[in-house]
Amino acid sequence: MASAFSLHFPFSFPSSSSHPSFPKLPLNPSIVTLSATSSRFRHVHHSRRSRIPAASIAVDSPSTSKSDGIENSPKPLLEVKDLTAVIAESKRKILHGINLVIYEGEVHAVMGKNGSGKSTFSKVLAGHPDYEVTGGSVVFKGENLLDMDPEERSHAGLFMSFQAPVEIPGVSNIDFLRMSYNARRTKQGLKELGPIEFYGFLSPKLAAVNIDTSFLDRNVNEGFSGGEKKRNEILQLAVLEADMAILDEIDSGLDVDALQDVAKAVNSLSTPKNSVLMITHYRRLLDFIKPKYVHIMEDGRIIKTGDVSLAKQLEKEGYKAVSAV
Amino acid sequence: MACCFCFSSSSPCPFPLNPTPSLKPHIQNPTKLRPSTPLFSSSSFSDPVVIQLAESLEDSLSGSSSPPSLPLQKLRDSSSLSLLSKSWPSSKDEPFRFTDTSFLKKSPIRPVSAPFPASHPAIPSPLNDPDALFANLAVIDGVIVPSLSNLSSLPNGVFVGSAADAPESLSKRVLELIAGFPDGDLFWDLNGIGAPDVAVVYVPAGCRVETPLHLGFFSLEGTEDGLNGLPVSNPRALVLVEEGGEIGIVEEYSGGDDVDEVKRYWANSVMEIVIGEGAKVRHSYIQRQSASAAHIKWTFVRQGASSTYEVVETSTGGKLSRHNLHIQQLGPETVTEISTFHLSGSNQTQDLHSRLVLDHPRGYSRQLHKCIVTHSSGQAVFDGNIKVNRYAQQTDAGQLTRSLLLVPRATVNIKPNLQIIADDVKCSHGAAISDLEQDQLFYFQTRGVDLQTARNALIFSFGADVTGRLPFKSIQKRVESHVRDLLAARGAVQ
């Protein structure tokens with residue numbers, strides 16, 4: 001099914017958005033129509049190295065063309081090419097060649113059924129030891145992400161919010177935040193902040209994500225409600241001032257009010273420089289955090305990319321309809 | 001919450017019959033033990049090691065000029081009688097299945113050479129450095145030392161001191177209550193025979209004591225090479241809080257500076273706590289004995305209706321450390337919270353045997369036991385029994401134990417058990433033994449904290465989950481920094 005959407009482009013990643021030549025599109029006419037609307041190709045399969053017939057394309061919506069030709073056009077933040085991964089223990093293949101490029105300031109959403117590999121994808125990007133990358137590359141801000149330990153990825157500016165953040169009894173939230181923030185400062189060659197200085201730094205962040213100070217004395221995630229856990233993740237994102245936020249099912253287990261709160265917090269942190277990758281089951285989240293691109297994931301691949309209308313179609317017709325197109 | 005019906009295996013005979021009656025000749029002078037109590041005509045139950053030890057304890061106290069107070073006399077009488085049927089426990093006895101006390105048995109045990117000289121100069125902190133927040137009673141080698149105590153901040157009507165000095169009415173109450181526990185083991189009885197005094201803490205009805213009381217139990221006498229025998233002391237305390245009263249006590253054991261790991265001694269301590277109707281006791285128990293010491297301790301708590309007992313324990317010291325915690329419910333609607341943390345390093349055994357007996361309706365209890373074993377020769381033992389008897393309907397009892405084994409071959413023996421006879425109860429228990437949780441480590445890493453720092457933080461926080469419940473900040477800080485130092489010294493954190 002997914003292979004019907006495979007495209008093999010003979011060129012490597014185009015750095016200029018006004019790339020003159022359209023690639024030669026093979027075979028599948030449905031792809032051609034999809035591609036024809038695009039002004040540039042962002043998600044390509046780099047087929048010269050490997051012939052794995054697993055690839056996907058994603059295309060820009062026409063709205064991006066406004067940046068065309070402008071000198072300071074956005075830089076790619078995250079470039080994923082042909083990423084394949086297995087479960088470290090069982091060696092079972094989970095990701096079958098993911099291609100995705102996210103530029104500065106962009107919001108992307110990855111949707112898909114249970115077991116399609118969405119959460120695995122986010123964990124692999126964060127460097128989870130349960131998964132082993134078997135092929136492909138991930139470049140983050142020009143550097144090889146896959147060479148980095150999880151903490152180095154964090155220092156580089158990548159942040160993942162967990163679907164089910166783990167409880168850490170015995171560690172207070174404020175100590176955790178300070179430890180985390182100071183680790184990053186140390187990495188940057190800056191002096192660590194003491195408890196009082198840190199509190200000064202933290203206060204405005206609390207307000208920004210609408211979190212009560214009583215949160216700080218509680219143990220990390222211990223006894224937190226679903227909404228509190230998610231807001232706590234966003235607080236960490238705010239503290240670490242990450243460039244790229246991967247939000248893994250930030251909407252799961254939340255009622256509409258809580259979801260609105262969390263979304264508001266995420267939106268309040270957005271700048272023209274930082275990007276968001278949301279992983280979700282439901283379109284509802286996309287009403288609150290508006291993505292530029294929606295990717296549909298199936299069987300460890302991105303099988304379709306479009307704008308938010310894709311999510312609407314998905315909601316109306318289900319994954320089956322979308323993947324059959 | 002899940003409802004578990006978990007029955008422990010039945011205990012073996014509490015005093016196994018000794019198959020070798022030929023031990024009798026070893027009893028050098030049986031009449032000396034309890035002149036007023038006839039020995040069993042056949043002393044086949046008696047264990048010569050035990051009798052010898054009991055006699056030496058008795059001898060050590062006979063030199064005292066003044067006759068013992070009535071409560072103390074009662075204690076000695078009942079303990080002597082009970083001791084005759086006890087033998088030294090072995091691994092065949094269920095309560096000592098995993099806790100090897102044979103090194104103690106083989107040691108040349110001798111009573112401390114009390115009395116303690118009142119003007120001894122070398123009393124380390126915190127006994128001579130009481131926090132201004134606390135009232136303080138110093139007990140050295142089982143003997144109350146008024147010159148090192150400071151009780152001036154306690155309200156009127158509260159009595160803290162020797163049973164011998166208690167007013168008559170209180171003395172009567174103490175007499176009624178003391179040694180009110182029928183199920184004590186050998187060590188309970190030995191304490192009753194060897195205790196030179198009973199430290200009494202009395203809170204009258206309706207009196208809420210705002211000043212926490214620090215009970216500092218210090219082992220002064222000790223040897224470094226073991227050649228001069230192993231001195232044993234038997235501190236004894238009784239805490240009595242009448243109806244509606246309230247007090248926070250900090251019971252702390254030490255044998256010197258924190259670095260003093262070679263001093264050998266045996267502290268064999270007993271505390272009885274009686275909590276009246278609607279009364280509340282917050283009990284902090286801190287055991288930081290020398291790593292070469294033996295520490296055996298009984299805590300027997302009786303809880304009246306609607307009373308609250310909260311205990312937070314941190315045990316880090318001792319080559320052998322055993323805490324027997326027995327809580328008996330005397331009326332309905334009691335609240336019991338037990339939080340314990342044990343840290344076991346090289347050649348250390350940390351043992352908690354806890355038992356909560358619920359006989360009345362609507363009791364609420366929560367128990368959390370945690371232990372860390374940092375060395376392959378370290379061992380932790382936990383036997384946690386909660387008994388919900390026929391009339392204890394609508395009991396809400398929860399028990400959780402977690403063990404962290406940081407090195408290969410570190411040992412933990414865990415026996416959490418609920419015995420439920422009532423049919424309308426909510427009970428849960430859980431036990432987990434693990435290395436550090438990968439998920440937690442990864443969570444730290446994704447937030448920029450490297451693996452080693454994350455490990456350190458998680459190891460420390462594992463215990464801080466319990467030590468964080470210590471109700472007095474200054475004590476909590478001191479205990480946590482002690483735990484941190486020990487973890488660092490033992491290479492558990494880097």
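Residue numbers start from 1 in every chain, and the chains themselves are labelled A, B, ... in the order their sequence lines are given, proteins ahead of strands. Predicted model, so just to flag it, every value in this text is computed and none were measured.
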Scanning both residues in full, the closest heavy-atom pair of A/Ile98 with A/Gly300 reads CG1-O, 3.5 Å
Using only heavy-atom distances, determine whether the side chains of B/His295 and B/Gln287 contain a donor-acceptor pair under 3.5 Å. no
Over all heavy atoms of both residues, which pair between B/Ala492 and B/Thr374 is shortest? Give the atoms and the distance, please. CB-CG2, 3.7 Å
Indicate yes or no for a side-chain donor-acceptor contact from A/Ser203 to the backbone of A/Gly200 under 3.5 Å, with no hydrogens or angles considered. no
Would you mind checking which part of B/Leu458 comes under 4.5 Å of any heavy atom in chain A, side chain (CB onward), backbone (N, CA, C, O), both or neither? side chain
In terms of heavy-atom proximity below 4.5 Å to chain B, should A/Leu240 be classed as side chain, backbone, both, or neither? side chain
Only pairs of heavy atoms separated by less than 4.5 Å count here; which of A/Asn219, A/Ile168, A/Asn182 has the most with chain B? A/Ile168
Measuring heavy-atom distances to chain B, does A/Phe176 have an atom under 4.5 Å in its side chain, in its backbone, in both, or in neither? side chain
For chain B, find which of A/Ala183, A/Pro150, A/Ala156, A/Ser172 contributes the most heavy-atom pairs closer than 4.5 angstrom. A/Pro150
Which donor-acceptor pairs under 3.5 Å do the side chains of residues 398-407 of chain B make with protein atoms, sequence neighbours left out?
from, atom 1, to, atom 2, distance (Å)
B/Gln399, NE2, B/Gln367, OE1, 3.0
B/Gln399, NE2, B/Gly384, O, 3.2
B/Thr401, OG1, B/His369, O, 3.4

Under 3.5 Å, is there a donor on one side chain and an acceptor on the other for A/Thr280 and A/Lys118? no
Part of A/Glu222 lying under 4.5 Å from any heavy atom of chain B: side chain
Counting a contact as any heavy-atom pair under 4.5 Å apart, which residues of residues 335-346 of chain B contact chain A? none
Modelled atom types, side-chain donor and acceptor of B/Gln289 and B/Ser321, under 3.5 Å: no
Top contributor to chain B contacts, counting heavy-atom pairs under 4.5 Å, from A/Lys187, A/Glu152, A/Glu167, A/Glu233: A/Glu233
Just to verify, what does A/Asn173 make a side chain to side chain contact (heavy atoms under 4.5 Å, CB included) with, not counting sequence neighbours? A/Phe215, A/Val220, A/Phe224, A/Asn232
Ring pair (Phe, Tyr, Trp, His ring centres under 6.0 Å) partners for A/Tyr199, two or more places apart: none
